[in-house]
2 protein chains.
Amino acid sequence: MKAKIGDVASRAGVSPTTVSRVLNNRGYISQETKDRVYKAMNELNYFPNDLARSLFNKRTNLIGLIVPSTSNPFFGELSFHIENICASMGYKVMLCNSLNQIDKEESYVNMLMRNQVDGIIAAAHYNREILSYNKQNIAVVAIDRYLSNTIPVVGSDNYAGGKMATELLLSRGCRTIVHINGPLELDTPARLRRNAYEEVMAGYGKQPIIYEVNDLFNQEDQRTTVRRIFDECPEVDGVFASNDLQAASFISEARRRGKSIPNEIKVVGYDGTESALMLLPELTTIRQPIPLIAQSAIDLLIKEIEGQFGDLPHETYLPVELVEGSTA
Amino acid sequence: MKAKIGDVASRAGVSPTTVSRVLNNRGYISQETKDRVYKAMNELNYFPNDLARSLFNKRTNLIGLIVPSTSNPFFGELSFHIENICASMGYKVMLCNSLNQIDKEESYVNMLMRNQVDGIIAAAHYNREILSYNKQNIAVVAIDRYLSNTIPVVGSDNYAGGKMATELLLSRGCRTIVHINGPLELDTPARLRRNAYEEVMAGYGKQPIIYEVNDLFNQEDQRTTVRRIFDECPEVDGVFASNDLQAASFISEARRRGKSIPNEIKVVGYDGTESALMLLPELTTIRQPIPLIAQSAIDLLIKEIEGQFGDLPHETYLPVELVEGSTA
DNA sequence: CTGAAAGCGCTTACAG
DNA sequence: CTGAAAGCGCTTACAG
């Protein structure tokens, strides 16, 4: 059986109180007692039950992480960095893949609350407001997504990124530039990429052409959209895709149709994950500062957990970077 | 404040016992009482504290997942599937990125034990035995990795995969085939890929040429190895890489050196993740059945959790599939 | 410097 | 069909 604090206590000839004290390094304990207790813990292979501790402390050091799917390289890398930083700060991470489905997300939020998480980091491309986030008063930080006007949002500087991408394509002489994005009705910060595209295009007196992919995680949806672009808009000579997988999908279809990239069509992606850049190093893309996004989200969350709600910025946009490959 | 079971009880005019009963659907309760309790729970926005429940039940429905890093597409996808299946079965997942560092892994195991996880799924490329796994008697399943002779291992059929890859290269006429793998000294099932390569080569009277990458997750290590291959073995005309990122790294270097693929050099990867196939669709590779690996690992783990140790297979190898791209 | 007691929020025998 | 009591494994005032 698992040893508990009482077992350690009797073996060391002290009270459970004392064992707890040496465990938590609280109060004064004679060195001799300490040694006896440590010895007993070792002999019994004792390790404390964090459930019991947390129950008493009303603090779990657990945070819930909701991402659409760690299969997507952006969220896979984001999850890695978030968990990694959390671990270094003594926080544990419960992973939730919402697949951007609102019902899943709601039940995850519920589950996390029941597990008494200290806070939640919610990342997703879209989804309307989730009531549960407001009902309970728990620390929440959103990544690239507006959840409510009290929940801080962290993300890349989407506007700057969209602007960079569009301007690059224009500067390379593209005349018909298509932008591929998620559904319009969603009011996410990622929409700023689209806004930037539209405004830059307008500034050059050009007509924006936007294609929407219903489900950014659905390969089939992506392909269908790409095919539609070629069919409906054969004069396309520039594409700003909302993520790298989408850009890759476009590039493949272009090759299949014998269109040369970047000669005939230039393509810029978004995200710039390590995986994408290893697998498709020629891709020109806008790199999101994933480690920085992770760090900022955690910093904000911890401030919330510690009760500093007042002075938190509602929106934090971190700088993006143009990765110059050879597709544009 | 958060409502607790006593609050619900007094508002519904019953005892906490009764509330607990309706919560758990245990014993006989009159419909009228049930309704009153549900009403009170709603009004108070009550949700049970799983910490307290778990403490009593000695069951958390929590499983620990240790992967090297979700940044790697293979483990990102594996994590997704594992969490997804777990969620559908009422299990929660605590994510741990070990980076294949033994000290990190040990402290994760410790943390997981303190959190009373019901079981652990440990995936990693390498690492010697971890004592902690044996010290405690807890349910553990390993993915592509030998932890001890009592811990079940799940993985792809590495031998078949290695054979397929090597035979494909031979059948395409390659004469100098290099295999890139992790450090030799590690006794992982992934080593079977290497064994298969060696045996097939021997069968054709060919000399195996193996290059080892120290840290499979280090891009720099990968590149260095790739460059060494070109420098030391310029006659190479076939490569079987131990994973797709490595294959991609080789392909990039080949392009940089003006070597045409597949004309001058043919390349086969391993893993066949969705991301890799979207970003580098021309890659020829051996696809691991990731969803099946996830499912099998969970099935085994749950059997262990439920005490069925006896009849569990020590090794489970799931079928791989050749993805015919155009790099070989 | 150390211990007995109460309590964190639940659940389950045991009674009735 | 329902409740009072004890206990899951800890920690923290409160005493001494």
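Computed over heavy atoms, backbone and side chain alike; hydrogens, waters and symmetry mates excluded. The chains referred to below are lettered A, B, ... by the order of the sequence lines, with proteins before strands, and numbering in each begins at 1.
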Do B:Asn115 and A:Lys92 get their side chains close enough for a donor-acceptor pair, meaning under 3.5 Å?
yes

Report yes if some heavy atom in the side chain of [X] is under 4.5 Å from a heavy atom in the side chain of [Y]; otherwise report no.
X	Y	result
A:Tyr91	A:Ile85	no
A:Leu51	B:Thr60	yes
A:Lys104	A:Cys96	no

Phosphate oxygens OP1/OP2 of C:dT12: is one of them under 4.0 Å from a side-chain N or O of B:Arg26?
yes

Value in whole Å for how far the [atom2] atom of [N] lies from [atom1] of [X]:
X	N	atom1	atom2	result
B:Leu51	D:dT11	CG	P	13 Å
B:Arg53	D:dG7	CZ	C1'	17 Å
B:Asn24	C:dA13	CG	P	12 Å
A:Lys58	D:dG9	NZ	P	19 Å
A:Ile5	C:dT2	CD1	P	15 Å
A:Asp7	D:dC10	CG	C1'	13 Å
B:Phe47	C:dG9	CZ	C1'	12 Å
A:Arg59	C:dG9	CZ	C1'	19 Å

Between B:Arg53 and B:Asp50, is there a side-chain N and carboxylate O pair less than 4.0 Å apart?
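A salt bridge links B:Arg53 with B:Asp50.
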
Under a 4.0 Å threshold between the charged nitrogen and the carboxylate oxygen, would A:Arg145 count as salt-bridged to A:Glu105?
yes

Counting side-chain heavy atoms from CB outward, which of [options] is closest to [X]?
X	options	answer
B:Ala52	D:dG9, C:dC10, D:dT11	C:dC10
A:Ser30	D:dC14, C:dC1, D:dT2	C:dC1
A:Phe56	D:dT11, C:dG9, C:dT12	D:dT11
A:Ser20	D:dT12, C:dT11, D:dT2	D:dT12

By the 4.0 Å heavy-atom rule, please label B:Ser54 as base, sugar-phosphate, or nothing.
nothing

With heavy atoms under 4.0 Å as the rule, sort A:Asp50 into base, sugar-phosphate or nothing.
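Counting heavy atoms under 4.0 Å across all strands, no contact is made by A:Asp50.
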
Which heavy-atom pair separates [X] from [Y] by the least distance, and what is that distance?
X	Y	result
A:Leu55	B:Ala52	CD1-CB, 4.0 Å
B:Ile151	B:Ala142	CG2-N, 3.9 Å
A:Glu83	B:Tyr108	OE2-OH, 2.6 Å

Do any side-chain atoms of residues 288-302 of chain A form donor-acceptor pairs under 3.5 angstrom with protein atoms, and if so which ones, sequence neighbours left out?
unit_1	atom_1	unit_2	atom_2	d
A:Gln288	OE1	A:Ser156	OG	3.2
A:Gln288	NE2	A:Asp271	OD1	2.9
A:Ser296	OG	A:Leu292	O	2.7

Base-pair map of DNA chain C as dot-bracket, where | denotes pairing with a different strand and pairs are Watson-Crick or G-U under 3.5 Å
|||.||||||||.|||

Which of residues 8-19 of chain A have a heavy atom under 4.0 Å from DNA chain D?
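When residues 8-19 of chain A is checked for heavy atoms under 4.0 Å from DNA chain D, the hits, listed by number, are A:Thr17.
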
Nearest-nucleotide wise, let me know which of B:Asn49 and B:Arg21 is further upstream toward the 5' end of DNA chain C.
B:Asn49

